[in-house]
J.: 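Below is a structure I'd like to ask you about.
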Amino acid sequence: MIPIKDHWIAFVHCRTIMATISTNFGHGSMEAFRDALPIGSGAAATADRLCEIGYCLQLAKGEQLAPDPREDRLVYIAAGAAKLVAQPVTGSPVNQVLAFHFAEDMISVLRQCASNSWGDFRLVALTDCDIAVFPAERFLDIAQGDPAVLRSVLARSLQALHRSRTRMMQMGHKSAQQRIADFLVSMAERLADCTAGRCAFALPMSRRDIGDSLGLTIETVSRQLTELREAGLVETEGRSKVCLSDVSALARVAGRQAQQTGNAPDN
């Protein structure tokens with residue numbers, strides 16, 4: 001499968017990349033990328049050609065992938081977690097986290113564009129990350145020769161688009177509590193593969209990151225988490241550990257029951 005996908009230091013203060021580059025395509029991130037390809041393509045010529053145009057990087061927590069003014073890139077996360085952020089123009093106080101990404105995600109990172117009113121988009125490591133980087137146009141040119149690979153890319157791209165549209169809808173129509181509840185349910189699904197019952201996991205992002213992704217202040221995020229704790233739906237330990245007592249109940253708080261029963265007749 002090839003998904004296209006989303007700490008306390010705001011992304012505008014992220015350090016310049018000091019990543020370690022690896023050209024060993026038989027191990028590490030590139031081998032993980034090959035293993036993630038659809039069954040039947042990993043050992044084929046298509047996989048070899050894709051690996052030949054890519055390179056591996058190791059990003060430390062807080063580091064960002066250096067911008068590229070020449071070409072768009074596809075980034076496969078072999079291990080770790082990252083966030084895709086919109087880099088605002090100088091002087092803008094607004095931060096925006098576009099998406100969070102985890103192991104086995106593949107992300108589209110657009111080329112640096114000074115003409116964009118938001119500046120450009122950056123991939124920033126939330127934890128230590130092992131990644132494989134590919135030039136997007138050449139990747140897609142090669143992928144066209146393998147329908148299974150291309151189909152997987154398109155399917156995951158649509159999935160990421162759906163998540164993005166859902167989040168935009170939430171910011172306009174859902175309350176702060178519903179946004180936080182929906183975020184926690186989504187993280188339970190993505191980080192722990194859990195959709196019901198009790199669930200525990202560690203969040204790699206900070207509360208500021210959560211707020212920046214949902215259009216909320218850090219104070220609002222903290223207040224809503226406190227209310228969910230008092231309601232017995234959420235337990236927290238430190239800054240990262242979270243336990244959801246009932247994922248289904250939290251999904252109802254998030255307003256997800258309407259989606260689940262969308263085919264039922266109106267009363």
Side-chain angles (χ1 to χ4, degrees), residues 1-6 11 14-38 41-87 97-114 116 119-146 149-150 152-157 159-161 164 204-205:
M1 62 183 170
I2 304 181
I4 293 206
K5 301 244 181 170
D6 304 354
F11 66 84
C14 288
R15 298 168 297 205
T16 302
I17 184 173
M18 296 294 291
T20 301
I21 300 179
S22 170
T23 57
N24 186 343
F25 297 120
H27 299 86
S29 300
M30 202 60 68
E31 190 65 22
F33 163 75
R34 182 188 289 272
D35 291 342
L37 290 172
S41 62
T46 299
D48 293 335
R49 293 178 63 196
L50 290 174
C51 290
E52 286 173 1
I53 66 169
Y55 59 92
C56 299
L57 284 175
Q58 292 180 325
L59 298 179
K61 178 180 179 179
E63 290 181 335
Q64 64 177 258
L65 179 65
D68 189 329
R70 298 168 300 172
E71 59 185 2
D72 300 336
R73 291 165 293 176
L74 295 176
V75 178
Y76 177 79
I77 299 183
K83 59 181 177 180
L84 186 67
V85 299
Q87 182 76 47
V97 175
L98 302 177
F100 296 112
H101 299 287
F102 311 112
E104 298 188 1
D105 285 359
M106 181 169 270
I107 310 126
S108 175
V109 181
L110 301 180
R111 72 192 72 184
Q112 187 177 21
C113 182
N116 190 323
D120 62 297
F121 305 105
R122 303 291 176 88
L123 185 69
V124 182
L126 291 168
T127 65
D128 292 348
C129 287
D130 293 329
I131 64 175
V133 184
F134 306 87
E137 289 188 8
R138 281 186 284 168
F139 183 101
L140 293 175
D141 285 343
I142 294 172
Q144 289 185 87
D146 191 322
V149 172
L150 188 59
S152 181
V153 169
L154 293 176
R156 296 299 179 172
S157 179
Q159 183 183 60
L161 179 61
S164 177
M205 69 289 292

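What you see is a predicted model; the values in this text were computed from it and never measured.
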J.: CG of Leu126 to CG of Leu59: how many Å apart, nearest 0.5 Å?
T.: 11.0 Å
J.: Please report the closest heavy-atom contact between Thr46 and Ile142, naming both atoms and the distance.
T.: O-CG2, 4.0 Å
J.: About how many Å separate CG of Leu37 and SG of Cys51, when rounded to the nearest 0.5 Å?
T.: 7.0 Å
J.: To the nearest 0.5 Å, what is the distance between CZ (Phe121) and OG (Ser108)?
T.: 10.0 Å
J.: Please walk me through it: do Met205 and Val97 pass side chain to side chain contact (heavy atoms under 4.5 Å, CB included)?
T.: CA-CA 11 Å; Met205 69 289 292; Val97 175; over 6 Å; no
J.: Any idea which heavy atoms bring Leu57 and Ser29 closest together, and the distance?
T.: O-OG, 4.4 Å
J.: Check side-chain hydrogen bond (donor to acceptor under 3.5 Å, both in side chains) between Arg122 and all other residues, then give those that pass, not counting sequence neighbours.
T.: Gln64, Asp120
J.: For Lys61, is there an ion pair with Asp128 - N to carboxylate O distance below 4.0 angstrom?
T.: no
J.: Of all the heavy-atom pairs spanning Ala79 and Ala103, show the shortest one and how long it is.
T.: CA-CB, 4.2 Å
J.: Measuring only between side-chain heavy atoms, which start at C-beta, is Cys56 closer than 4.5 Å to Ile131?
T.: no
J.: Test your reading of the model: is there a side-chain donor-acceptor pair from Thr127 to the backbone of Ala81, 3.5 Å cut-off?
T.: yes
J.: Supply the atom-to-atom distance Ile107 CD1 to Leu98 CG, rounded to the nearest 0.5 angstrom.
T.: 12.0 Å
J.: Not counting sequence neighbours, which residues clear side-chain hydrogen bond (donor to acceptor under 3.5 Å, both in side chains) with Arg138? List them please.
T.: none
J.: For residues Pro135 and Ile53, determine if any side-chain heavy atom of one lies less than 4.5 Å from a side-chain heavy atom of the other.
T.: yes
J.: Any idea which heavy atoms bring Pro204 and Phe102 closest together, and the distance?
T.: CG-CE2, 3.7 Å
J.: Assign the ring pair Phe134 / Phe33 to parallel, tilted or perpendicular, where the plane angle (0 to 90°) is split at 30° and 60°.
T.: tilted
J.: For the CD atom on Glu71, are there more than 12 heavy atoms of other groups (residues, nucleotides or ligands in this structure) within a distance under 6.0 Å?
T.: yes
J.: Measure the CE-CG distance between Met30 and Leu50 for me, rounded to the nearest 0.5 Å.
T.: 9.5 Å
J.: Quick check for you: to the nearest 0.5 Å, what is the distance between Asp130 atom CG and Glu31 atom CD?
T.: 13.5 Å
J.: Arg111 side chain to Asp68 main-chain N or O, any donor-acceptor pair under 3.5 Å?
T.: no
